[in-house]
Amino acid sequence: YLELETTPFYINDKLRPWKPDNGKKYAAVSAFGMGGSNAHVVIEEAPKINLERPAKDRPASIFTLSARSATALQNQAQRYIKFLKQDNETDLRDICFTANTGRTHFRHRVAMIVCDKFELLEKLEIFVAEKERSRLEAASIFTDKAISETILSNIANKLQQLSGSVKPVILQWCKGTLFTDSILPHLGLGLENPDNQAFNLVDKDYLELLSVLRDLYCLGSDVDWDAV
């Protein structure tokens, strides 16, 4: 019998706020095997890391969500809305990176370019409230599209208008058969892997780059989000 009342430990048998008394969170995890082998470990929360980086090193960020169904996509957006209304600390760049890299990307997609967390919250709220594609696109919120010759032609025209400094970055960031078979021929570039030149772009070209990336993603292209 353990007299836990006289210790800082308690068995977490229900949901409750985790408020440490001494400034750090500790937890004990036990595992009991059927053959008699038991294991016990005490863990401590990871230290907070203060990252030194510019307050804003890019003019905007791209935020994406995807799901197996339209309903699941809406539910994800709702969860992010709830998080953004409660969060005061997380950097927009970290939110976008986690959303873009943390999950497998499915066919139902939404993508938006945002400059700050307030804009991200505003666009997510529009997305869950508005069903008309034309109205969403008027608010610069883009969703998945069925591939057609018209859409491919529009993408091709947009790609052909890209500046020479933007095209190599698109080549590095996008991948998959849709991109290589239907999109790459319009870029006039080979399959060599150039250095990431995104940070060398001026703001106008970088926003142009994100705009094309958003369109390609919603069309179904695979994107190397770790490189972005």
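Values below: all heavy atoms of this structure, side chains included; hydrogens, waters and symmetry mates excluded. All residue numbers refer to positions in the sequence shown, counting from 1.
There is no path of hydrophobic side-chain contacts, each under 4.5 Å, that joins Val228 to Leu92. Both Val110 and Tyr80 are members of a single hydrophobic cluster when ILVMFWY side chains are connected at heavy-atom separations under 4.5 Å. Ile113 and Ile126 are not part of a single hydrophobic cluster, where members link through side-chain heavy atoms under 4.5 Å apart. Residues Phe97 and Ile95 are members of separate hydrophobic clusters, defined by side-chain heavy-atom contacts under 4.5 angstrom among Ile, Leu, Val, Met, Phe, Trp and Tyr. By the criterion of side-chain heavy atoms lying less than 4.5 angstrom apart, applied directly or through intervening Ile, Leu, Val, Met, Phe, Trp or Tyr residues, Leu210 is not grouped with Val114; the two fall into different hydrophobic clusters.
Of the charged side-chain nitrogens involved, none lies within less than 4.0 Å of a carboxylate oxygen, so that Lys117 and Asp91 do not count as a salt-bridged pair. Between Glu125 and Lys85 a salt bridge is recorded (basic side-chain N to carboxylate O distance below 4.0 Å).
Expressed to the nearest 0.5 Å, how far CZ of Phe63 lies from CG of Leu120 amounts to 5.0 Å. In this structure, the separation between CD on Glu137 and CG on Asp215 is 8.0 Å, given to the nearest 0.5 Å. Taking CG of Leu213 as the start and OG1 of Thr64 as the end, the distance is 9.0 Å to the nearest 0.5 Å. Taking CG of Asp224 as the reference point, atom CG of Asn100 lies at 11.5 Å (rounded to 0.5 Å). With values rounded to the nearest 0.5 angstrom, Thr71 atom OG1 is found 9.5 Å from Leu73 atom CG. Separation of atoms CD1 (Ile141) and CZ (Arg133) is listed at 12.5 Å; rounding is to 0.5 Å.
For the pair Leu216/Trp173, no side-chain contact is recorded, criterion being any heavy-atom separation below 4.5 Å from C-beta on. At a threshold of 4.5 Å between non-hydrogen side-chain atoms, the residues Phe118 and Leu84 do not count as touching. A heavy-atom distance below 4.5 Å is found between the side chains of Gln78 and Ile81. Contact check for Thr101 versus Asp226: side-chain heavy atoms found under the 4.5 Å cut-off. Contact of the Leu124 side chain with the Met112 side chain is registered, since non-hydrogen atoms from C-beta on lie closer than 4.5 Å.
Within the 3.5 Å criterion, the main-chain N or O of Ser66 finds a donor-acceptor partner in the side chain of Gln76. Glu45 places a side-chain N or O within 3.5 Å of a backbone atom of Lys25 that can act as its donor or acceptor partner. The closest donor-acceptor contact from the side chain of Glu3 to the backbone of Glu5 lies at 3.5 Å or more, if one exists at all. Within the 3.5 Å criterion, the main-chain N or O of Cys115 finds a donor-acceptor partner in the side chain of Glu119. Counting only distance, with no hydrogens or angles, the side chain of Ser37 and the backbone of Gly33 share no donor-acceptor pair below 3.5 Å.
For Arg93, the CZ atom sits in a packed shell: over 12 heavy atoms of surrounding residues, nucleotides or ligands are nearer than 6.0 Å. Shown here is Asn88, whose CG atom has no more than 12 heavy atoms of other residues, nucleotides or ligands within 6.0 Å. Annotation for Arg107: atom CZ counts as buried by contact number, over 12 foreign heavy atoms lying within 6.0 Å.
No hydrogens or angles considered: nothing links the side chains of Asn75 and Arg79 as a donor-acceptor pair under 3.5 Å.
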(request) Begin with the C-alpha distance, continue with both residues' side-chain angles, and end with the deciding distance and a verdict on side chain to side chain contact (heavy atoms under 4.5 Å, CB included) for Arg109 and His105. (result) CA-CA 8 Å; Arg109 300 179 173 192; His105 290 270; 3.8 Å; yes

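Residues Ala139 and Lys123 come closest through the heavy atom pair O-CE, 3.5 Å. For the residue pair Ala60 and Leu207, the shortest heavy atom distance occurs at CB-CD2, 3.6 Å. When all heavy atoms are compared, the tightest approach of His40 to Ser30 is ND1-OG, 2.6 Å.
When Phe106, Trp225, Phe142 are each tested for a ring-ring contact (aromatic ring centres under 6.0 Å, His included) with Tyr217, only one passes: Trp225.
Ile43 belongs to a hydrophobic cluster whose other members, connected by ILVMFWY side-chain contacts under 4.5 Å either directly or through intermediates, are Val29, Val41.
For Arg58 and Tyr206, the positive end is not near the middle of the six-membered ring at less than 6.0 Å and at most 45° from its axis.
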